[in-house]
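For reference, the structure is listed below as structure tokens.
Numbers restart at 1 for each chain; the letters A, B, ... are given by sequence-line order, proteins then strands.
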Amino acid sequence: MIVTGKGGVGKTTVAVALGLRAASEGKRTIVCEVASQENASRIFDHASVGFHEVEMEENLWSISIDPDESMREYVLLQLKVRAMRDLLFRSRIFNYLAAATPGLKELVTIGKIWELAQLDRKVKSGRKYDLVILDAPATGHGVGFLQTPRTFASIARVGPVHSQAEQLDRFITDHEHTGTAIVALPEEMPVNESVSLEKDLRDEVGVSVDRVYLNGLYPERFKKSEAERLSALAESENGAARAAARAALSEYGRAKSQRQQLSRLKKGVSAPVKTLPFLFEPELDVEAARSLAGKLG
Amino acid sequence: MASLNEVLDGKSICICAGSGGVGKTTTSAAIATGMAAQGLKVCVLTIDPAKRLADSLGLEELGNEARRVDPALIEEQGVEMKGELWAMMLDAKATFDELIARQAPDEESRDRVLNNRIYQQISSALAGSQEYMAMEKLFELHTEGEFDLLVLDTPPTRNALDFLDAPKRLTQFIEGKSLRVFMKPTGLAAKVTGRGVSVALGVFKRLVGFDLLADLAEFFNAFSGMVEGFQARAKRVNKLLADPETCFLVVCGPQGEPIDEAVYFHRKLVEAKLPFGGVIVNKVHYPADELRAEVEDLPGALAEKLGDEALAKRVAANFADYQALAERDARNIDHLAGELRTSCVIRVPYLDEDVHDLHGLADIDRYLFATAEERVEMAAGRA
């Protein structure tokens, strides 16, 4: 399951919530992050996990996929002759080429995700997972990231990387086993971007878009008639009563405009839209993610 | 507390930096609008392929050429437009192509580079090349001197380092001195480099496929005549970024994660000796002070005034939720101000209306360009 969307929409929280739900259903699940920020381990209040599969809860693991480490692992798996590997790793020219080849880092990162998803793990004594969740890079870069295998397959026309890149592209675009969820926010521009993202994901990358999560939806706490009474109160009062009435009006206004964005989103995308509530929590922790897990639908 | 006007006084370049999703594009557009209203000729540049900036400025689309925003549209928002507001979206690939055309010694080398598949990948896909091209375009516009102020909306790189290192990494790649030597199939290079390298190259070839290496070799050969020009230019770009007339603003949100990233980004700017101007915190639950007003039995007091106990309870509970968010924001911003040791922390409130047009920009400008005293005043009237 690939979780994607623009920056700051709560992709990691949704990825973790999906992971928590799957784990609670007894599925052995791993949440993969691809940048070094480790937001997932932060949600679990866990120390950095790095390039290791670390257990967060029963049935739930987390890994932060570092491209250099993935590259190393890939080479280790490809080259069985030890002397040759040592030669390669010591070689400055190899490191240079690896860094200079466009898209290679992204390719080995996706390669690692593929490896994690195999029931016949390439990594020695690797755990078998029922579900691999990818917290994908923010869009802008996101579509390009998922397209790397295809781009790469067309650059390197022959050789092992060519066929492996093709295999990775089939892995990403396998509608039966690989799905995508877009995370959006109930605001004008994030909605516009989610609509065009869905189109790009379907038409350009060719993945299956299974669901759009509209995250951070304010509850409708007040009715229109109540808002009118509160706005009269805000005019006539001072101090805390006024501040409280204003806060209620602000909530009312946001909840209302967000509902308009929700209906725009529903019209704009073809995947089913599921809303996730705004959490009035100072910081998002694992319990917050757990409360979302029950609402993923 | 310094105001944005003080921070931008005498600056000719303002670069808004920060992680994705914190409102950088909106902030850049609002700063440009505000400075143009005060009488400057301002151009705001974005390299975000999303149409956000065009949308918010009421332009159909943005291209690699600057377009002027109709002043009437801004004046409709009750803002007097004394200067000129322009906007453009950088096309990284087109800028790169222009640069190649300028640096190439002749047409043949130009075409060899432009048609090379590795080049085509780098110019559109290599991490950092977009950022580098943004700097290039900025440099070009600055040199042309058409505008009083250029405001750059940087791309939402997840890693702040990418953006600062972009010029260096790209020139390193293009230089590829050691690599170019090895790429030559025969001759002196093969003799001096020895067997180790040729085996390493052989293994790499086996891994990635031969023709990729051939393309790389071709690329470096085609580029060889342009390396010096590129280096010289990169140096001048770096000098411009460090110039006292340039000002970096860090944009962030009030939650823990964006605040941490702002702290990190600020540290990188200081390390790179780049001129940091201040930080703008968007979507702040604002102001904490008034919301903190303590009343015993608020539900009771509200019930009396509303004559509706159930509603009063909900209003009080909602108020408590807002209070908690405002307190968190205040705590995070205090932490930020302490870490950055800056006198310029500008808080823009979480406005009740979603900001995506000129009306919203004008609203934000009221906060961005207020003096410290005015901000306190506005805060008191708000909540």
Side-chain angles (χ1 to χ4, degrees), chain A residues 6-9 35-37 39 42 75 78-79 84 87-88 91-94 96-97 100-104 137-138 140-141 144 151 155-162 187-189 192-193 221-222 226 229-230 233 237 239-241 243-248 250-251 253-254 257 261 280 282-283, chain B residues 19-22 48-50 52 55 117-118 121-122 125-126 155-156 158-159 173 176 178-179 182 196-197 199-201 203-204 206-212 216 253 255-258 290-291 293-295 298 301-302 305-306 311 314-316 318-319 321-322 324-325 328 352-354 356 383:
Chain A
K6 65 170 250 158
V9 295
S36 54
Q37 286 175 314
N39 295 324
R42 187 185 166 123
V75 171
Q78 289 292 312
L79 301 175
M84 217 181 215
L87 178 78
L88 209 55
S91 161
R92 259 188 8 165
I93 198 85
F94 171 75
Y96 201 94
L97 276 173
T101 308
L104 195 57
H141 299 118
T151 312
I155 299 185
R157 282 183 296 253
V158 294
V161 167
H162 172 77
E187 291 173 26
E188 178 87 11
M189 280 183 254
N192 295 351
E193 286 172 20
R221 287 178 166 168
F222 306 100
E226 292 170 338
R229 283 156 72 196
L230 288 167
L233 186 72
E237 288 299 319
R246 290 251 188 170
S250 157
E251 205 282 335
R254 271 179 215 158
S257 76
Q261 298 301 339
F280 288 92
E283 295 299 338
Chain B
S19 53
V22 294
D48 195 331
R52 276 185 268 184
D55 285 354
R117 282 188 304 159
I118 296 295
Q121 281 298 307
I122 304 176
L126 183 71
R158 277 192 87 167
N159 193 341
F173 178 73
S178 48
L179 195 57
F182 300 129
V197 166
V199 175
L201 272 180
V203 174
F204 195 79
R206 263 185 47 195
L207 283 175
V208 301
F210 173 77
D211 57 352
L212 177 65
L216 270 173
Q255 299 87 358
E257 192 191 311
E290 187 175 340
L291 285 176
E294 304 249 348
V295 178
L298 182 64
L302 284 168
K305 279 161 188 145
L306 287 163
L311 176 60
R314 276 186 285 135
V315 171
N318 179 69
F319 185 47
D321 278 343
Y322 267 62
L325 292 180
R328 172 204 66 186
D352 287 345
E353 280 178 46
D354 180 15
H356 55 85

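Looking at B/Tyr322, its side chain never comes within 3.5 Å of a backbone N or O of A/Ala243 through a donor-acceptor pair.
Of all the heavy atoms in A/Ala244 and B/Leu302, the pair that sits closest is CB-CD1, 4.2 Å. Shortest non-hydrogen contact noted between B/Leu298 and A/Ala240 is CD1-CB, 4.1 Å.
With respect to the salt-bridge test (charged N to carboxylate O, under 4.0 angstrom), the residues A/Arg42 and B/Glu257 do not qualify.
Residues satisfying the ring pair (Phe, Tyr, Trp, His ring centres under 6.0 Å) criterion with A/Phe280, sequence neighbours excluded, are A/Tyr218, A/Phe278.
Taking CG of B/Asn318 as the reference point, atom CZ of A/Arg221 lies at 4.5 Å (rounded to 0.5 Å).
At a threshold of 4.5 Å between non-hydrogen side-chain atoms, the residues A/Arg229 and B/Leu311 count as touching.
Both the backbone and the side chain of B/Val315 have a heavy atom closer than 4.5 Å to some heavy atom of chain A.
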